[in-house]
Amino acid sequence: MASNSVLKRSDTIADSMPDALKQSRYHMKRCFARFVSKGKRLMKGHNIMEEVEKSIEDKVERSKVLEGMLGYILISTREAAVVPPYVGLAIRPNPGYWEYVQVNSDDLTVEGISALDFLKFKEMIFDENWANDENALEIDFGEIDFLTPRTALPSSIGNGLTFISKFMSSKLTSNSGNARQLLEYLQALYHRGERLMINETVDTVEALQGALIVAEAYVSTQPKDTPFHGFEQRLKEWGFEKGWGDTAERVRETMRTMSEVLQAPDPKKFELIFSWLPTIFNIVIFSPHGYFGQAGVLGLPDTGGQVVYILDQVTALEEELLQRIKQQGLGFKPKILVVTRLIPDAKGTKCNQEMEPIFNTKHSHILRVPFRTEKGVLRQWVSRFDDATAKILEHMDCKPDLIIGNYTDGNLVASLMASKLGITQGTIAHALEKTKYEDSDAKWKEFDPKYHFSCQFTADLISMNATDFIITSTYQEIAGSKDRPGQYESHTAFTMPGLCRVVSGINVFEPKFNIAAPGADQTVYFPYTETQRRFTTFKPAIEELLYNKEDNNEHLGFLADKRKPIIFSMARLDTVKNITGLTEWYGKNKRLRDLVNLVVVAGFFDPSKSKDREEIAEIKKMHALIEEYKLKGQIRWIAAQTDRYRNSELYRHVADTKGAFVQPALYEAFGLTVIEAMNCGLPTFATNQGGPAEIIIDGVSGFHIDPNNGTESSNKIADFFGKCKVDSEYWNRVSNAGLERINECYTWKIYANKVLNMGATYGFWRKMSKEQKLAKQRYIQMLYSLQFRDLVKNIPIPFEEPLPMTTPE
Ligand code: UDP
Ligand code: LCN
């Protein structure tokens with residue numbers, strides 16, 4: 001793109017577009033005439049470019065027009081709402097930045113319009129009466145939240161913790177009233193009836209500063225490893241309680257840092273002190289989605305990577321909490337409770353058990369609460385959740401310090417409970433539904449009978465606004481990439497004609513957004529080279545799974561040449577996972593077929609056993625592709641697997657063959673399998689659509705593949721194996737670089753540290769911004785009571801025989 005086409009910071013598109021149109025007036029008149037020629041319609045970026053191609057047939061002419069500012073505007077246009085003679089454009093020059101203009105196709109005049117006007121304009125296509133209804137419901141979180149600071153640069157999106165620490169530390173410097181808030185915060189730190197950090201004798205900031213100087217000087221005289229109780233009494237006399245550290249050295253460091261924060265805080269010290277304060281002991285995690293269990297659940301409806309994520313997250317958080325509590329010199333036991341739904345018809349899983357200890361933890365449990373209606377306990381799985389507050393308080397014996405929600409339903413419950421109990425809240429979306437289906441908002445009426453988007457998007461809006469912080473796995477989840485809006489970003493401004501117009505749903509520049517990527521359990525997924533640790537008991541089972549020549553319920557197809565490396569993929573058999581796509585690429589690429597065998601773990605083989613239309617179609621397609629490309633002898637199709645220890649050996653076995661993992665999804669929010677494969681040392685090719693594009697640095701720690709260009713992708717895989725044949729070290733280099741990338745950025749240890757820091761820091765932030773928080777909470781309550789609760793009534797509850805209202809065993 002020519003340099004003169006880049007907008008200056010001060011320019012708006014509405015300012016620059018008239019001139020740009022003038023320069024190509026002849027062609028643009030034709031283009032806009034084409035846009036409006038079909039009457040009212042909503043066009044997407046690719047439709048716009050198709051129309052441009054048709055109106056300017058000459059390639060050279062076309063590239064001239066598209067070279068300059070005009071090309072920049074058209075390429076950045078995500079959506080065009082056509083209501084002849086006008087065309088409203090929603091333009092996104094950069095992640096998070098949107099501008100709206102309206103162009104008159106007759107005379108090419110341009111007018112800058114607001115998001116609100118664009119939405120109304122767009123509604124004219126779907127529901128004119130609603131668009132003109134002066135009383136249409138408008139939701140505008142931007143207007144209610146004008147005090148919260150915002151980051152300015154797209155590159156700062158997702159770094160909320162750092163930003164908020166900077167902001168708070170500067171507020172502490174500028175206003176002694178804010179230092180007082182920190183003092184009051186410390187004064188309120190209690191756990192199980194025990195006072196922590198300071199007692200009532202320290203009642204002013206000056207008193208605290210003075211006491212810190214005296215105490216620090218005293219503690220410095222003690223040998224570094226003197227345990228806290230060795231000088232506890234002395235510190236008490238100056239107003240200090242336990243929580244400062246387990247040894248003289250740690251206590252001194254905490255006191256010094258606290259003094260520095262009170263005197264002239266810098267953001268790093270500020271973040272550090274909050275990571276040391278004893279603020280979090282008990283955590284509640286809500287995850288009612290799907291079947292939440294520790295065995296035999298993967299593959300059941302709505303049950304995928306999020307269950308793996310949450311169980312690993314609990315283990316990591318407990319470990320980090322235990323370490324922090326020890327370093328604080330405290331003897332408390334942390335408690336983590338995953339609250340989910342009890343499902344009496346548990347399909348052979350433990351989802352009908354009320355309480356279950358979580359493996360590999362000492363103090364964490366799953367608590368299952370039944371869904372009830374006035375008729376009794378619901379037997380099957382449905383997307384609703386009871387108020388579980390009483391049960392949680394009973395189990396914990398006190399209020400939790402942090403509540404984390406997962407997915408739409410978990411996040412909503414977390415928001416309600418956090419607001420009710422006044423507790424810090426975090427949310428995790430895993431994958432927001434809105435971007436999965438084109439025009440899921442504008443065409444919500446079409447989707448609602450099946451997906452209940454009216455309810456889901458309202459619930460998502462409520463929780464993303466109610467929460468203190470949002471944990472995301474990647475940047476793209478928040479603000480997408482240059483060409484694709486992020487999942488959260490798609491909630492910035494949207495409309496559901498006939499229901500509500502969301503003028504400002506969420507602002508991706510809010511400092512509540514934080515990227516904390518998950519990892520893979522490294523006690524399970526470790527490098528194939530660590531032979532001593534390998535689960536050798538699975539060797540015969542894996543040999544059978546891969547190479548036995550008889551088809552059965554677990555595997556189909558066979559590998560005639562065992563010496564070839566394997567390319568491996570594992571996913572649910574959903575269309576979006578594109579396992580059939582990979583099979584087809586392989587089928588079509590003779591060079592790749594000559595170089596490697598294909599092994600996929602996905603779904604099962606008998607379409608009559610599936611209730612899901614999508615899955616049935618994918619199963620049939622797999623069979624058809626195997627026939628069409630005569631793949632038997634080169635493909636092994638294995639049914640869905642549930643044992644992650646065995647799966648990890650499967651990844652490692654593929655690494656033994658010097659093979660690779662391929663994740664070909666049409667779109668993947670994050671992609672745990674990518675992380676698992678890389679942890680096992682398996683070179684990985686993963687989709688460039690979504691999270692994996694961030695996990696892997698293309699050509700270094702693995703490779704990106706384009707799911708929409710099978711030929712290019714399969715050639716890229718074939719090139720890799722071709723290169724491995726001539727350069728015997730190449731495979732090892734990619735394998736090692738993948739492992740390095742994982743250990744630098746994608747471990748549960750890094751994750752747990754970040755999330756607990758968020759819990760502590762945002763816990764203080766909610767106190768510092770309590771007026772703004774309260775105003776927003778009242779607005780949210782209204783939305784919940786007047787809108788959400790009504791919408792929920794429209795969702796039919798699938799009734800079988802409900803159980804009577806007794807608590808199940
Ligand atoms: N998985 C599994 N058996 C299967 C398919 C997948 O155990 O047959 C596991 C896989 O190892 C990973 C998770 O399920 O831990 C899938 O998570 P991912 O993020 O890749 O995708 P999701 O299913 O959440 O969309
Ligand atoms: C849901 C998804 O779709 C995956 O991409 C993620 O890896 C998983 O959740 C865990 O966050």
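Just so it is clear, the values below take in all heavy atoms, side chains as well, and ignore hydrogens, waters and symmetry mates. This is a predicted model, so every value here is computed, not measured.
Under the side chain to side chain donor-acceptor pair (under 3.5 Å) criterion, Q456 pairs with T408, not counting sequence neighbours. Residues passing the side chain to side chain contact (heavy atoms under 4.5 Å, CB included) test with N709 are D706, T711, E712, sequence neighbours excluded. Residues passing the side chain to side chain contact (heavy atoms under 4.5 Å, CB included) test with E128 are K40, M124, N132, sequence neighbours excluded. Scored by the ring pair (Phe, Tyr, Trp, His ring centres under 6.0 Å) test, F685 finds F703, F720 as partners (sequence neighbours excluded). The side chain to side chain donor-acceptor pair (under 3.5 Å) check on Q663 picks up E668, with sequence neighbours excluded. Qualifying side chain to side chain contact (heavy atoms under 4.5 Å, CB included) partners for Y451, counting only residues two or more places apart in sequence or in other chains: Y437, F447, F453. Taking E138 as the reference, R501 meet the side chain to side chain donor-acceptor pair (under 3.5 Å) condition, with sequence neighbours excluded. Judged as a ring pair (Phe, Tyr, Trp, His ring centres under 6.0 Å), and not counting sequence neighbours, the contacts of F661 are F568, Y651. For L499, the side chain to side chain contact (heavy atoms under 4.5 Å, CB included) criterion is met by W444, S454, M496, Q787, L791, not counting sequence neighbours. With sequence neighbours excluded, the residues forming a side chain to side chain donor-acceptor pair (under 3.5 Å) with Y667 are Q476, Q487, listed by chain and number.
A donor-acceptor pair under 3.5 Å is formed between the side chain of E477 and the backbone N or O of S473. No donor-acceptor distance shorter than 3.5 angstrom exists from the side chain of K716 to the backbone of I705, with no hydrogens or angles considered. With hydrogens and angles ignored, the 3.5 Å screen pairs no side-chain donor or acceptor of Y586 with any backbone N or O of G581. S569 contributes a side-chain N or O that, together with a main-chain N or O of V662, makes up a donor-acceptor pair within less than 3.5 Å. The backbone N or O of I697 sits less than 3.5 Å from a side-chain atom of S701, completing a donor-acceptor pair. Listed for the N465 side chain is a donor-acceptor partner under 3.5 Å among the backbone atoms of L461. With hydrogens and angles disregarded, a donor-acceptor distance shorter than 3.5 Å links the side chain of K754 to the backbone of I515. Between the side chain of S156 and the backbone N or O of A152, no donor-acceptor pair lies under 3.5 Å. Checked by atom type and distance alone, the side chain of N589 pairs as donor or acceptor with a backbone atom of L592 at under 3.5 Å. The closest donor-acceptor contact from the side chain of R41 to the backbone of V82 lies at 3.5 Å or more, if one exists at all.
Residue P497 comes nearest to E123 through the heavy atom pair CG-CG, 4.1 Å, listed as atom of the first residue, atom of the second, then distance. The minimum heavy-atom distance between I144 and A775, with the atom names listed, is CG1-O, 4.1 Å. Across all their heavy atoms, N578 and P664 have their closest contact at ND2-O, 2.9 Å. A479 approaches I157 most closely through the heavy-atom pair CB-CD1, 3.8 Å. Taking both residues in full, the closest heavy atoms of E271 and T162 are given as OE1-CA, 4.0 Å, listed atom of the first, atom of the second, then distance. Shortest non-hydrogen contact noted between A660 and F721 is CB-CZ, 3.7 Å.
Ion pair D727/K723 not flagged as a salt bridge, since none of the NZ, NE, NH1 or NH2 atoms sits closer than 4.0 Å to an Asp/Glu carboxylate oxygen. Under the 4.0 Å criterion applied to side-chain N and carboxylate O atoms, D266 and K268 are not assigned as salt-bridge partners. We find that E67 and K64 are not joined by a salt bridge, their nearest charged nitrogen and carboxylate oxygen being 4.0 Å or further apart. A salt bridge between K122 and E79 is present, with a side-chain N of the basic residue lying under 4.0 Å from a carboxylate O of the acidic one. No salt bridge links K434 with D460; every basic N to acidic carboxylate O contact stays at or beyond 4.0 Å.
A side-chain hydrogen bond (donor to acceptor under 3.5 Å, both in side chains) check over residues 17-32, counting only residues at least two apart or in different chains, returns the pairs H27-E61. Pairs engaging residues 84-93 under the side-chain hydrogen bond (donor to acceptor under 3.5 Å, both in side chains) rule: R92-E489 [sequence neighbours left out].
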Problem set entry | Test log, rule side chain to side chain donor-acceptor pair (under 3.5 Å), inputs S481 and D483 | CA-CA 5 Å; S481 57; D483 314 319; 5.1 Å; no
For this session: Go through F121 and F118 one step at a time and tell me if the ring-ring contact (aromatic ring centres under 6.0 Å, His included) criterion holds.
Result: CA-CA 5 Å; F121 194 68; F118 177 78; 7.2 Å; no
For this session: Evaluate side chain to side chain donor-acceptor pair (under 3.5 Å) for T12 paired with D15, printing each intermediate quantity in order.
Result: CA-CA 5 Å; T12 64; D15 290 338; 3.0 Å; yes
For this session: List the steps, then state whether side-chain contact (heavy atoms from CB on, under 4.5 Å) holds for I696 with T684.
Result: CA-CA 8 Å; I696 290 173; T684 299; 3.9 Å; yes
For this session: Applying side-chain contact (heavy atoms from CB on, under 4.5 Å), run through I91 and I73 and close with a yes or a no.
Result: CA-CA 7 Å; I91 305 158; I73 295 172; 3.9 Å; yes
For this session: Could you go through the side-chain contact (heavy atoms from CB on, under 4.5 Å) check for L74 and L66 one step at a time?
Result: CA-CA 8 Å; L74 291 175; L66 292 180; 4.2 Å; yes
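Under the 30°/60° scheme for interplanar angles, the aromatic rings of F513 and Y488 are found to stand perpendicular. In this pair, F670 and Y746 present their aromatic rings tilted. The plane angle is within the 30 to 60° band.
Rounding to the nearest 0.5 angstrom, the gap separating the CG atom in N411 from the OG atom in S463 is 4.5 Å. Considering OG1 of T427 and CD1 of I462, their distance stands at 13.0 Å, rounded to 0.5 Å. Note that the OH atom of Y407 and the CG atom of L432 stand 9.0 Å from one another [nearest 0.5 Å].
When F469, W765, Y762 are each tested for a side chain to side chain contact (heavy atoms under 4.5 Å, CB included) with L161, only one passes: Y762. Considering M49, E438, E50, R78 in turn, E438 is the only one that fulfils the side chain to side chain contact (heavy atoms under 4.5 Å, CB included) rule with K44.
No more than 12 heavy atoms of other residues, nucleotides or ligands lie within 6.0 Å of CD in E143, so this atom counts as exposed by the packing criterion.
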